[in-house]
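Shown next, in structure tokens, is the structure this report addresses.
First listed ligand is number 1; within each ligand, the first listed atom is number 1.
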Amino acid sequence: MAATWSDKAVGRPFGADQKRDSALKEQVEALLCQMTLEEKIGQMNQVAGSRDTTGAPANTEIEADVREGRVGSVFNAFGVDFTRELQKQAVEHSRLGIPLLFGYDIIHGFRTIFPIPLGQAASWHLEGIERAARIMAIEGAASGVHWTFAPMVDVARDPRWGRVMEGAGEDTYLTSLIARAQVRGIQGRDPGAIDTLAACVKHYAAYGAVEAGREYNTVDMSEWRLRSIYLPPFLAALEEGCASVMTAFNTLNALPATCHPLLLDQILRREWRFEGMVVTDYTAIMELEQHGVAANASEASRKAVNAGVDMDMQSSYFIKTLNDLVQNGQVEEARIDEAVRRILWLKAALGLFEDPYRYANDDREAECLLSDAHRRAAREQARESMVLLKNEGNVLPLNDRHKKIALIGPLGNTRRLIGSWHGNGDHNDTVTLSEGLANRLVEDAVILYAEGASNRIGDTDTSGIEAALELVRQADAVVLALGEDEADADEAASRADIGLPGAQLELARRVLEAAGDMPIATVLFNGRPLALTELDEIAPAILEAWWPGTEAGNAVADVLFGDVNPSGKLPMSFPASVGQIPVYYNAFNTGRPKGVDPKYASKYLDIPNAPLYPFGFGLSYTTFEYGALETTCSEIGLDDTLEVSLAVTNTGERDGIEVVQLYLQDVHASVVRPLRELKGFQRLELAPGTCERVTFRITPDMRGFLNAELEHMQEPGLFRVQIGGCSQSGQEIEFRVV
Ligand code: GLC
């Protein structure tokens with residue numbers, strides 16, 4: 001029995017209006033009839049653009065190929081002059097003048113860089129995430145980009161994998177809502193607008209589940225887990241009108257995702273009825289040979305195109321082999337036509353046939369890139385992304401009485417705080433923590449900086465620690481700036497040991513010892529959850545800042561000095577030890593849960609089961625109190641919606657934002673169900689002493705799940721509701737569905 005999905009199957013990308021859509025279709029058909037087979041295949045070929053130092057196309061071969069109609073899209077393509085020049089070769093010098101589609105990885109900023117997506121997710125602020133995506137699209141479009149390879153929606157439960165920095169963490173529901181917000185921000189409401197881009201949801205599918213967290217490694221899971229945990233964010237992005245899909249590098253259940261009929265035909269086309277374009281990841285068709293499912297380029301192309309791939313990123317296998325494959329009957333020309341229709345439709349929807357040069361614009365580029373307004377938005381989101389992990393004795397916030405601040409650590413004076421996928425971002429634009437503190441400090445205050453130790457993996461040199469201690473002894477407050485280098489949580493950057501790299505922990509130990517009773521705050525700049533048990537044992541205050549983007553230093557200073565009250569909540573569990581991985585909040589209970597039998601229980605002999613910091617956790621400079629959870633009734637029918645509500649009070653002395661989280665447990669069902677699942681949240685802004693009543697509606701759809709036959713259904717039975725400021729705590733009630 002094929003699985004069933006929500007009835008919101010996706011159709012045309014962009015949620016295109018039917019009238020405009022039929023006009024586009026006619027335009028595409030009229031063009032398709034004129035195209036030779038070679039020209040059609042040319043549209044399915046995407047190559048990397050590259051520029052010389054002047055910004056002109058460095059790869060002159062690409063110009064010749066473009067003129068011959070052998071290129072449909074160029075990626076790593078941006079810059080008014082570069083894109084205009086290449087577009088001119090296509091439009092004015094190829095036989096049919098079909099415009100090129102320019103793509104680029106604009107993941108969390110184009111020139112103004114926002115926090116890494118994992119940091120953005122920690123804000124739980126969907127409007128802020130949408131605004132960041134809107135701004136990056138405005139900047140990218142002004143520079144001639146048409147299409148971005150975002151959002152990345154890979155649910156991930158293994159922080160050893162470096163690309164967790166690029167997604168929204170471990171939860172399917174939060175990732176799905178963020179995917180929708182990013183698609184809305186990237187594509188806006190009108191695909192033809194000159195400040196919107198086409199989005200590309202990636203990596204389809206389940207790339208975040210690579211075995212052992214090792215990059216590009218095997219993925220194998222039940223179809224139940226695939227459809228319940230990893231696929232819903234893709235459907236969410238497509239329901240939001242996302243224009244395209246990118247296939248993943250990995251295998252899924254013994255088949256590479258780039259030639260996977262279940263993913264590319266059964267689910268994407270038949271169940272979801274998606275009509276947009278599918279592009280592969282970089283050389284993924286070529287890699288079918290490495291995977292061992294293709295003996296040569298021809299077989300690789302045949303398998304990819306017949307499975308449903310429309311565009312080949314950088315393998316050049318389609319352009320080399322598809323003509324012969326059609327001639328010898330191994331690929332139907334109808335399949336080529338179907339792929340080319342989707343590609344041409346996207347170009348038409350973007351308005352490129354009307355005006356191929358409509359996006360790239362010097363004035364708009366000069367006006368909007370890195371504008372003050374964009375920097376302000378980046379700073380605001382960076383503040384909201386930060387998570388206060390610990391604040392023993394209310395060490396934080398610091399205050400203006402501190403006149404000598406010792407800033408110690410390898411991340412204290414670096415501009416490498418914008419993440420690895422930073423588009424056209426320039427490190428020189430980044431505000432360092434040292435600069436941010438200097439901007440914030442009162443006149444007569446000074447900053448004493450020493451690196452102390454490096455954050456290079458494996459660098460155990462501690463010779464710089466003594467000089468750092470010297471500064472600590474002169475100071476009246478200490479800020480430790482520790483973490484990872486941008487390059488160490490990225491594509492092709494998995495880590496087996498996810499502790500603080502280098503000799504940073506030793507540095508922290510020695511500085512904390514030397515600091516005595518002095519206020520000392522540890523700021524972490526990292527791209528993945530780290531194993532921080534030792535640091536947590538000695539550091540009184542820990543602020544997770546991720547890689548905050550262009551305005552990093554200013555945003556961290558805003559939070560350290562309490563100009564902004566931290567409100568972030570973890571979108572991914574921080575393990576107590578790498579040995580726990582995968583550790584995630586929505587786990588099953590098992591038949592022998594810990595705590596029942598002292599010996600025969602699901603536990604370790606040497607480490608706890610619980611993560612150090614759980615999903616949904618984050619402290620504040622104020623405190624919040626949750627009143628008793630109330631409900632309209634304790635028994636409802638299958639089709640009924642239950643309202644639950646409680647009062648949340650700011651019981652401290654500062655304004656604060658609390659992310660109130662709703663978790664649901666289906667206590668008994670026909671398949672095992674997680675101990676809790678996030679089903680809703682609300683960000684409350686509360687002034688000191690004020691109280692707000694929060695109401696959630698628990699709908700039949702929220703109670704639904706996939707049963708053992710992969711049918712989406714709801715069952716009667718006992719349910720448990722938990723509402724609080726973290727996945728592990730809150731007010732609870734039970735209700736029954738009859
Ligand atoms: C990379 C990434 C993908 C990116 C593409 C183009 O290898 O896997 O996310 O969009 O290549 O740069």
inquiry  = Taking R111 first and then E365, would you say they form a salt bridge - that is, a charged N and a carboxylate O separated by under 4.0 Å?
reply    = no
ask   = Which class fits the ring pair W124 and F615: parallel under 30°, tilted 30 to 60°, perpendicular over 60°?
value =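 It falls in the tilted class, 30° to 60°.
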key: Aromatic plane relationship, Y207 with F249 - under 30° parallel, 30 to 60° tilted, over 60° perpendicular   =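 Perpendicular: the ring planes of F249 and Y207 meet at over 60°.
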request  = Taking only heavy atoms of the protein into account, state which residues are under 4.0 angstrom from an atom of ligand 1, in chain and number order.
outcome  =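 Residues F75, D105, F149, R163, K202, H203, M246, F249, D281, Y282, M313, W421, E491 each place a heavy atom under 4.0 Å from ligand 1, listed by chain and number.
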Between E486 and W547: side-chain donor-acceptor atoms closer than 3.5 Å = no
inquiry  = Measuring centre to centre across the rings, with the benzene-like ring taken for any Trp, is F102 within less than 6.0 Å of H146?
reply    = yes
inquiry  = For a side-chain contact (heavy atoms from CB on, under 4.5 Å) check, start with the C-alpha distance between R302 and N306, then their side-chain angles and the critical distance, and finish with the verdict.
reply    = CA-CA 6 Å; R302 174 175 59 78; N306 285 342; 3.4 Å; yes
